[in-house]
Visitor: 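The structure is given below, and queries will be raised subsequently.
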Amino acid sequence: MDYNFGEIEKRWQQYWIDHQTYKVSEEKSKPKFYVLDMFPYPSGAGLHVGHPLGYIASDIYSRFKRLQGFNVLHPMGYDAYGLPAEQYAIQTGQHPAITTQNNITRYREQLDKIGFSYDWSREVRTCDPAYYKWTQWAFIRMFHSYYCNQARQARPIDELTAVFSRQGTTGLDIACSEPMTFTAEEWNARTEKEQQEILMNYRIAYLGDTMVNWCPQLGTVLANDEVSEGLSIRGGYPVVQKKMRQWCLRVSAYAQRLLDGLNIIDWTDSLKETQRNWIGRSEGAVMHFATTQGISFDIFTTRADTIFGVTFMVLAPESELVEQLTTAAQHQVVQEYIEKTKKKTERERLADKSVTGVFSGSYATHPFTGEPLPIWISDYVLAGYGTGAIMAVPAHDSRDYAFARHFQLPVVPLIEGCDVSEESFDAKEGVMVNSGFLNGMTVKQAIPAAIDEVEKRGLGYRKINFRLRDAIFSRQRYWGEPFPVYYKDTMPYTLSEEELPLELPEVDKFLPTETGEPPLGRARNWHTKEGYPLELNTMPGFAGSSAYYLRYMDPANNDALVSEDANSYWRNVDLYMGGTEHATGHLVYSRFWNKFLFDIGVSCEEEPFKKLVNQGMIQGRSNFVYRLKGTNRFVSFNLKNGYDVTPIHVDVNMVHNDLLDIEAFRRWNPEYKTAEFILEDGKYVCGWAVEKMSKSMFNVVNPDDIVEKYGADTLRLYEMFLGPLEQSKPWDTNGIDGVHRFLRKVWNLFYKEGVWAVTKEVPTKEELKSLHKLIKKVTFDIENFSFNTAVSAFMICVNELTALQCRERTILNDLVVCLAPFAPHIAEELWQALGHGTSVCDAAWPQWNEEHLQEDVFPYAISFNGKSRFILEFSAEATNEEIEKTVMEHPHSQKWIDGKTPKKVIIVPKKIVNIVV
RNA sequence: GCUCGGAUGGUGGAAUGGUAGACACGCAAGACUUAAAAUCUUGUGACCAUAACGGUUGUGCGGGUUCAAGUCCCGCUCCGAGUACCA
């Protein structure tokens with residue numbers, strides 16, 4: 001009987017379905033373990049061989065944990081809302097729901113072939129009304145919440161209105177868009193609408209007039225993490241800044257908690273660092289300045305120590321202060337400058353490094369020296385950070401320096417011995433000069449001293465600023481979750497929770513309306529029962545993916561996002577597997593969303609993902625043929641020098657070990673039907689390069705083809721064997737034979753010449769040693785996600801057992817269990833053959849026994865002056881004296897000792913003897 | 001610019017400060033075969049040398065710590081990723 005992987009895999013996949021092997025429920029008596037993959041967006045291209053890498057790794061881990069006795073939750077679903085399906089709908093008219101369903105079906109087929117241990121009964125789809133009901137529900141709860149800085153948590157907005165009517169804003173410290181102060185009397189005197197407008201300043205989900213990233217080609221706004229270098233991540237279209245009224249989430253309120261939480265989770269340092277940078281906490285001071293006309297404004301600085309080096313002030317062009325501070329004489333030029341900057345796209349603004357700006361006409365008074373400081377307007381100052389205004393210290397800030405040089409403004413150096421004739425001195429080191437009361441202090445002393453003085457004189461206060469912005473939550477698109485919001489007298493109100501889900505309506509076209517409204521403007525009857533119009537925007541992609549891990553715990557619950565019971569059992573994700581591309585998007589929003597749910601008592605853990613492992617990207621490995629220019633002749637790779645050739649991408653599926661299948665190539669394209677070849681050793685060798693995996697490079701490898709040719713178990717093992725999990729690497733089908741050969745060797749331990757060959761003899765010492773070495777290594781490697789070395793350990797063990805002609809049942813039993821997480825199908829087949837009536841998934845992970853690993857003799861590397869020369873073996877009982885004596889008397893040693901008396905002899909037990917001559 | 005990674009044979013990659021190159025691919029030789037494929041066996045960092053033994057050198061570059069460094073420390077070079085007028 002040969003290893004017939006095709007038949008074996010099909011049969012066991014059916015068995016798992018029939019026996020619901022991977023279905024889990026809350027078993028209170030067993031410890032839980034939650035293993036989660038980042039759910040995919042089902043794209044039209046289907047899965048390529050790079051996609052399953054993380055899924056295979058997490059599946060191995062899940063199966064391992066299950067064998068160790070954990071109750072493992074390992075679900076899968078689809079992030080089903082997204083731009084490509086909508087773009088496709090615009091082009092073809094096909095409803096995105098249909099496209100999405102087709103793609104999901106295709107994904108599922110592909111995933112099923114690889115043999116994952118998902119509990120598909122818990123599948124979620126973000127576009128399913130039963131699912132997005134809870135996305136809408138969370139939004140409603142955010143709308144009706146504010147963030148209390150003192151309690152460090154979200155609170156019901158009703159509490160806030162109660163306080164307002166009792167004491168106004170006195171004594172409150174709340175996260176808000178704009179600082180406001182009013183008394184109880186003032187609040188109570190407001191109309192309902194005015195009160196609603198004020199509350200918008202505090203709600204966690206609020207409507208705000210903000211500068212947004214507007215992408216004209218996509219016709220929608222984008223979040224910061226959806227834009228890179230002024231271009232949209234999806235599609236690469238230019239993005240411009242525009243002020244719009246949008247739904248926002250007050251993520252910034254959670255900035256400190258998002259930062260603190262990083263200390264209690266087990267993520268890689270680089271990923272935590274990326275998040276820290278994105279949150280961007282900086283400690284400094286807000287300082288009050290006033291113009292000579294008495295108009296006061298605030299700036300933010302982290303370098304209060306440089307206050308005596310301020311020679312001018314700068315406002316962002318979008319700042320509201322610009323209008324107040326521009327004098328009549330300068331009005332014209334300022335207006336022109338602002339118009340000009342507005343027209344620039346974000347990309348142009350980034351690319352254009354030239355210094356631009358205009359003088360506002362006003363002067364501010366230096367708070368310490370009383371000197372007048374000209375106030376300029378320039379686009380190098382950002383409206384969205386700090387207060388949108390800065391004090392410029394050209395001597396110690398390179399941007400201020402460039403500006404000062406360009407407009408011939410004075411530069412006052414403040415640090416002893418620094419040279420600012422060519423460039424600014426930005427480093428926070430040195431001793432202060434020209435700085436009044438700060439003179440003689442180091443910069444590190446001067447920063448707090450300056451802020452102390454500023455506070456003492458009432459000129460400002462300490463402030464911690466965050467770079468993290470609130471998330472813009474509206475999208476002018478069709479294929480997303482509708483907001484459970486209607487408008488009455490232009491103010492938004494939420495639907496009641498009983499009215500959820502608010503289902504996505506049908507539209508005749510997926511384009512904006514003629515009047516420029518979002519596609520939902522085309523929907524008929526898009527209003528409440530009372531006739532109030534419903535919100536026309538939809539939610540962004542990250543809405544549905546922010547709490548999906550909670551929904552898996554209790555996917556069919558129609559009364560709650562997740563029951564308290566299910567949540568208190570599964571708690572949070574123990575292992576989260578996914579790509580780094582979500583570092584500043586999903587992984588920030590999801591943590592924020594969970595913290596909010598934690599505050600309102602829905603999630604029992606403050607952090608959603610305890611441990612996170614990033615699998616590397618799998619790149620493509622393209623192959624090339626070399627066509628002689630102007631001919632239909634192709635020259636083999638190593639002969640191409642001396643010819644004038646054009647490299648042409650060739651489909652990697654026609655190439656094996658870089659050798660071209662010439663017949664397949666001729667069939668590939670009529671143009672090549674009559675192609676001639678200049679061969680080396682009768683073969684055509686292709687060139688290769690690492691590139692992105694894409695259709696146009698003909699380097700896409702489909703997992704289905706690999707499964708067809710080698711089997712799912714080979715694919716799983718090979719993906720792990722390719723290299724360290726977290727590292728990016730090219731897919732290279734060369735080498736898969738080695739892994740496939742390994743599985744056949746495993747098979748041949750059980751079947752010799754087609755006959756079942758397992759015996760019940762007593763295992764030998766060597767056999768036990770080989771097995772226990774494997775158990776120890778594999779256990780250790782899985783726990784450390786070092787799957788490539790685990791696969792190597794299997795190969796070594798099987799080679800050893802083959803050499804020992806091991807056919808012993810108990811040894812093979814444990815071998816099969818160890819192999820089960822990696823290659824589940826062959827493991828099931830062999831487990832069955834060994835006479836077990838149940839699935840190998842219900843076996844117990846074997847323990848290694850150190851006794852079996854004991855060596856009789858240990859190799860010692862004998863080295864002289866640290867350079868090893870030869871190996872000697874000694875028994876475990878040998879004393880240092882015996883070892884030293886034997887080594888010294890060994891004929892090889894005499895050459896190195898050369899009659900001298902060794903200065904020192906170092907003996908490291910079981911490892912090395914070093915003799916210093 | 002800043003932050004975080006990384007650099008080891010022809011290739012992918014192994015090495016708790018202790019025999020560098022495990023394992024695999026590729027390549028070479030051999031066995032089986034009419035032949036090829038498949039399979040199996042052996043060899044395979046480089047250099048020198050040999051009938052054989054053996055020797056030298058070697059983990060991006062330059063220093064240092066140590067009996068001993070791919071591994072730790074200091075200073076560079078190059079490559080990758082993230083991020084950026086964030087005051």
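FYI, side chains are in, hydrogens and waters are out, and symmetry mates aren't considered; it's all heavy atoms of this structure. Numbered from 1 within each chain, the chains take letters A, B, ... in sequence-line order.
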Visitor: When all nucleic acid strands are considered with a 4.0 Å heavy-atom cut-off, which category describes A:K272: base, sugar-phosphate, or nothing?
Guide: nothing
Visitor: Need one value for A:D732: base, sugar-phosphate or nothing, where a base atom within 4.0 Å counts as base even if backbone is also close, heavy atoms only.
Guide: nothing
Visitor: Represent RNA chain B in dot-bracket notation, 5' to 3'. Only Watson-Crick or G-U wobble pairs with both distances under 3.5 Å count; pseudoknot-style crossings use [ ] and interstrand partners use |.
Guide: (((((((..(((.....[....)))((((((.......))))))((((.....))))..(((((..]....))))))))))))....
Visitor: So which nucleotide from B:U3, B:C85, B:U83 ends up closest to the side chain of A:E273?
Guide: B:U3
Visitor: With heavy atoms under 4.0 Å as the rule, sort A:I906 into base, sugar-phosphate or nothing.
Guide: base
Visitor: Hey, what's the ring geometry for A:F403 with A:Y380, parallel, tilted or perpendicular (30° and 60° as the breaks)?
Guide: tilted
Visitor: Do nucleotides 25-31 of chain B as a string where each nucleotide becomes B, S or -: B if the base has a protein heavy atom under 4.0 Å, S if just the sugar-phosphate does, - if no protein is that close.
Guide: SS-----
Visitor: Applying salt bridge (Lys or Arg N to Asp or Glu O under 4.0 Å), name anything that partners A:K729, two or more places apart in sequence or on another chain.
Guide: none
Visitor: What's the closest nucleotide to the side chain of A:I390 if the choices are B:A38, B:C4, B:A87?
Guide: B:A87
Visitor: Does A:N799 put a side-chain nitrogen or oxygen below 4.0 Å from OP1 or OP2 of B:C23?
Guide: no
Visitor: Can you tell me if the side-chain N/O atoms of A:R467 get under 4.0 Å from OP1 or OP2 in B:C2?
Guide: no
Visitor: Reckon A:Y860 has a side-chain N or O less than 4.0 Å from the OP1 or OP2 of B:U19?
Guide: no
Visitor: With a 4.0 Å limit, can you tell me whether A:K729 has a side-chain N or O closer than that to the phosphate oxygens OP1/OP2 of B:G12?
Guide: no
Visitor: Quick one: is B:G13 close enough that its OP1 or OP2 comes under 4.0 Å of any side-chain N or O from A:Q727?
Guide: yes
